[in-house]
Amino acid sequence: MSLCILAAGKTVTLTVAAFTLAWTHSVEKTHWQEDWKVMPSGLLIAEARIKGSGAGMEPPEGSVLRDGWWIYKPKMAPQRRLVLAASGATSEGWTLCTVQGCRELAKAAGDATVLEPCEGSSQPR
């Protein structure tokens, strides 16, 4: 499978089966991480982690606290696409990591990045 990253009118294709999204909550300033799988049916969240808790980010029932992270498996159907937008309330954007390395996405306020499975070919565009 391939993941397509659409930003600023350009598309980057990563040949990966999974990726991790990480970011800092704009109000609580705590770290979040989500592990995603790239599937033909869409992007499927496999696991999520929150470093602490606070307003609007209470760990859901069944979460386990391990090494300071609340870890849980979200109950969500595969998503056709993810739209990442920067609020400008933190000094960083979203971090996307794969086996190929990490890259920062949507750092400036108003920046938006779309993640979705690439249709058809797994070749870079």
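Note: hydrogens, waters and symmetry copies are ignored here, and every other heavy atom, side chains too, is used. For clarity, every value in this text was computed on a predicted model and none was experimentally measured.
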What residues join V99 in its hydrophobic cluster, counting side-chain heavy atom gaps under 4.5 Å, either direct or through other members? none
Return the minimal non-hydrogen interatomic distance between G68 and K51, and the atom names on each side. O-CD, 3.4 Å
Who passes side-chain contact (heavy atoms from CB on, under 4.5 Å) against Q100, sequence neighbours left out? L14, V16, T98
Let's go through L96 and L115 carefully: what are the C-alpha distance in whole Å and the side-chain angles of both, what is the deciding distance for side-chain contact (heavy atoms from CB on, under 4.5 Å) to 0.1 Å, and is it a yes or a no? CA-CA 10 Å; L96 182 137; L115 306 179; 3.7 Å; yes
Atom pair CG (L3) and OG1 (T13), whose distance is rounded to the nearest 0.5 Å: 8.5 Å
Please step through side-chain contact (heavy atoms from CB on, under 4.5 Å) for the pair L44 and V38, ending with a clear verdict. CA-CA 7 Å; L44 179 64; V38 183; over 6 Å; no
Nearest 0.5 Å please: distance from the CD atom of Q33 over to the OG1 atom of T95. 9.5 Å
With a 4.5 Å heavy-atom cut-off, do I5 and T113 have their side chains touching? yes
Can you name the salt bridge (Lys or Arg N to Asp or Glu O under 4.0 Å) partners of R81, sequence neighbours left out? E116
Applying side-chain contact (heavy atoms from CB on, under 4.5 Å), can you list everything that pairs with S63, at least two apart in sequence or on another chain? P59, P60, W70, Y72
Which atom of L21 lies closest to which atom of W36, heavy atoms considered: CD1-NE1, 4.0 Å
Partners of A18 by side-chain contact (heavy atoms from CB on, under 4.5 Å), sequence neighbours excluded? none
Going by chain and number, the hydrophobic cluster around V64 (ILVMFWY, side chain to side chain under 4.5 Å) further includes none
Strictly by salt bridge (Lys or Arg N to Asp or Glu O under 4.0 Å), give each pair with a member in residues 40-50 just once, sequence neighbours left out. D35-R49, E47-R49
Any side-chain donor-acceptor pair under 3.5 Å between E34 and W32? no
If hydrophobic clusters are built from ILVMFWY residues whose side chains come within less than 4.5 Å, do M39 and L82 share one? no
Heavy-atom nearest pair, C118 first then M1, reads O-CE, 4.5 Å
Establish whether I71 and W23 are linked, either directly or via other cluster members, by ILVMFWY side-chain heavy-atom contacts under 4.5 Å. no
Who are the ring pair (Phe, Tyr, Trp, His ring centres under 6.0 Å) partners of W69, not counting sequence neighbours? none
